[in-house]
Amino acid sequence: MSITLASWNVNSVRVRMPQIETWLESRPADLLALQETKTPDPLFPAVDFHARGFTSVYRGQAAYNGVAILAREPLDRVEDELDPAFPDRRFLSAQTGSGFHLVNIYAPNGESLESDKFRYKCAWYAALVERLRGLLRIHPKLALVGDFNLAPAGCDVYDPEAFEGSVLTDPRIRCYFAELEALGLVDAYRYQHPDQTAFSWWDYRRGAARRGEGLRIDLILLSEALLPRLRQSGIAEEIRSHPRPSDHAPVWVELDP
DNA sequence: ATGACAAGCTTCGCTTGA
């Protein structure tokens, strides 16, 4: 039996519970990393996930951000802070029962290149690179998953020219992504589908999804030591056909046990 | 140049997202 690891920016875990349950019926993931839960911890629906066979760890806050990991096996060595300089709930890591370390991130968007939020995004990514450098020494088998708020390359953007000057494609942010790759982390979907145009996010406005105008910003990166276990990868965009979709689709990999 | 959708809080309007 293979292990399914998935990541999904749900844009409010409480609103999206029906879609999450529907998707888990079609693909019973063993590990599911959520982003933008937008839910304070006392209101996280841990009981509902437990009823479906998942233990969960979650670090949320009111209105913004929030990350969680759902797992069918116990999670160990949970860490929830990227760095004391970044207190918002965007980072959660744990040792999984499937023999690898899982790091779940919700990267800052950055708003615009001139914004203080963009400077924050750059500093956050610099801290992430250093944190991963340290984690990989301790946990060579590691998966870094989540909403990266960056499209790695032009083929991950429906109209690269329209996104010139965007915080999602800026060369400085892509440089941080290259630093993650230099640590031996491999974009699983792109590794298996080098020429495929596929997206994981569509703007709610302008009927972007209907027009196929999306970006691939939700990623699963596997370390060199974990990559040999990669069997399949995909993006579950079909789940967005159900009522009240998130603006992101789940991304997933199947790993050998 | 702007807004368009969606969600949550600041709740019948505003902020943020990407």
Side-chain angles (χ1 to χ4, degrees), chain A residues 7-20 22-23 33-45 58-68 86-91 104-125 128 145-174 176-177 189 197-219 235 237 239-251:
Chain A
S7 173
W8 194 359
N9 179 324
V10 288
N11 187 15
S12 174
V13 67
R14 286 173 289 173
V15 169
R16 220 64 64 202
M17 275 309 276
Q19 289 234 352
I20 296 170
T22 299
W23 187 64
L34 303 177
Q35 303 87 34
E36 271 206 278
T37 54
K38 292 187 171 178
T39 301
D41 290 342
L43 299 178
F44 188 86
Y58 40 94
R59 295 293 185 277
Q61 63 187 74
Y64 309 117
N65 309 321
V67 282
F86 307 99
D88 44 0
R89 299 306 199 184
R90 298 178 176 277
F91 180 95
N104 178 19
I105 62 164
Y106 171 50
N109 170 274
E111 190 180 30
S112 69
L113 297 181
E114 303 76 27
S115 158
D116 284 341
K117 291 177 181 175
F118 184 71
R119 284 184 278 281
Y120 184 88
K121 181 178 190 175
C122 290
W124 190 93
Y125 257 109
L128 182 70
V145 313
D147 176 354
F148 284 65
N149 264 313
L150 82 87
C155 61
D156 299 309
V157 181
Y158 74 93
D159 183 354
E161 283 184 22
F163 276 78
E164 287 279 326
S166 159
V167 293
L168 304 177
T169 60
D170 184 82
R172 284 162 282 185
I173 297 302
R174 283 180 168 161
Y176 289 117
F177 185 72
Y189 184 85
T197 297
F199 306 128
S200 68
W201 173 84
W202 300 262
D203 199 320
Y204 276 123
R205 300 164 292 185
R206 299 191 314 269
R210 177 173 45 79
R211 293 147 64 125
E213 298 181 348
L215 280 73
R216 195 176 67 93
I217 56 176
D218 300 271
L219 308 173
I235 305 177
E237 57 182 272
I239 191 63
R240 297 191 72 261
S241 65
H242 291 268
R244 294 191 84 180
S246 167
D247 45 353
H248 297 252
V251 298

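So you know, we letter chains A, B, ... as the sequences are listed, proteins then strands, and number each from 1. It should be emphasised that the depicted structure is a prediction, and the values quoted were computed from it without experimental measurement.
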What is the nucleic acid contact for [X], judged by heavy atoms within less than 4.0 Å: base, sugar-phosphate only, or nothing?
{"X": "A/Asp218", "result": "nothing"}
{"X": "A/Ala208", "result": "nothing"}
{"X": "A/Glu111", "result": "nothing"}
{"X": "A/Asn109", "result": "base"}
{"X": "A/Ile217", "result": "sugar-phosphate"}
{"X": "A/Tyr106", "result": "sugar-phosphate"}

Grab the [atom1]-[atom2] distance between [X] and [N] for me, whole Å please.
{"X": "A/Asn65", "N": "B/dG8", "atom1": "CG", "atom2": "C1'", "result": "13 Å"}
{"X": "A/Phe163", "N": "B/dA18", "atom1": "CZ", "atom2": "C1'", "result": "7 Å"}
{"X": "A/Met17", "N": "B/dA7", "atom1": "CE", "atom2": "P", "result": "15 Å"}
{"X": "A/Glu36", "N": "B/dG8", "atom1": "CD", "atom2": "P", "result": "10 Å"}
{"X": "A/Asp203", "N": "B/dA4", "atom1": "CG", "atom2": "P", "result": "12 Å"}
{"X": "A/Asn9", "N": "B/dA18", "atom1": "CG", "atom2": "P", "result": "6 Å"}

Measure from the side-chain N and O atoms of A/Thr37 to the backbone N and O of A/Gly60, and report whether any donor-acceptor pair falls under 3.5 Å.
-> no
Does A/Arg89 offer a backbone N or O that forms a donor-acceptor pair with the side chain of A/Gln61 under 3.5 Å?
-> yes
[X] side-chain N/O to [N] phosphate OP1/OP2 under 4.0 Å:
{"X": "A/Arg16", "N": "B/dA7", "answer": "yes"}
{"X": "A/Lys117", "N": "B/dG17", "answer": "yes"}
{"X": "A/Asn11", "N": "B/dA18", "answer": "no"}
{"X": "A/Arg14", "N": "B/dA7", "answer": "no"}

From the list [options], which nucleotide is the closest neighbour of the side chain of [X]?
{"X": "A/Ser12", "options": "B/dC9, B/dA7, B/dT16", "answer": "B/dA7"}
{"X": "A/Asp147", "options": "B/dA7, B/dC9, B/dA18", "answer": "B/dA18"}
{"X": "A/Tyr204", "options": "B/dC9, B/dA18, B/dC5", "answer": "B/dC5"}

For B/dT16 and B/dT10, measure between their P atoms and round to the nearest Å.
-> 13 Å
What about the rings of A/Tyr120 and A/Phe86, do their centers lie closer together than 6.0 Å?
-> yes
Enumerate, atom names and distances included, each donor-acceptor pair closer than 3.5 Å involving a side-chain atom of residues 205-214 of chain A, sequence neighbours excluded.
unit_1	atom_1	unit_2	atom_2	d
A/Arg205	NE	A/Asp203	OD1	3.0
A/Arg205	NH2	A/Asp203	OD2	3.1

Side chains of A/Asn149 and A/Tyr106 in contact at under 4.5 Å (non-hydrogen atoms) | yes
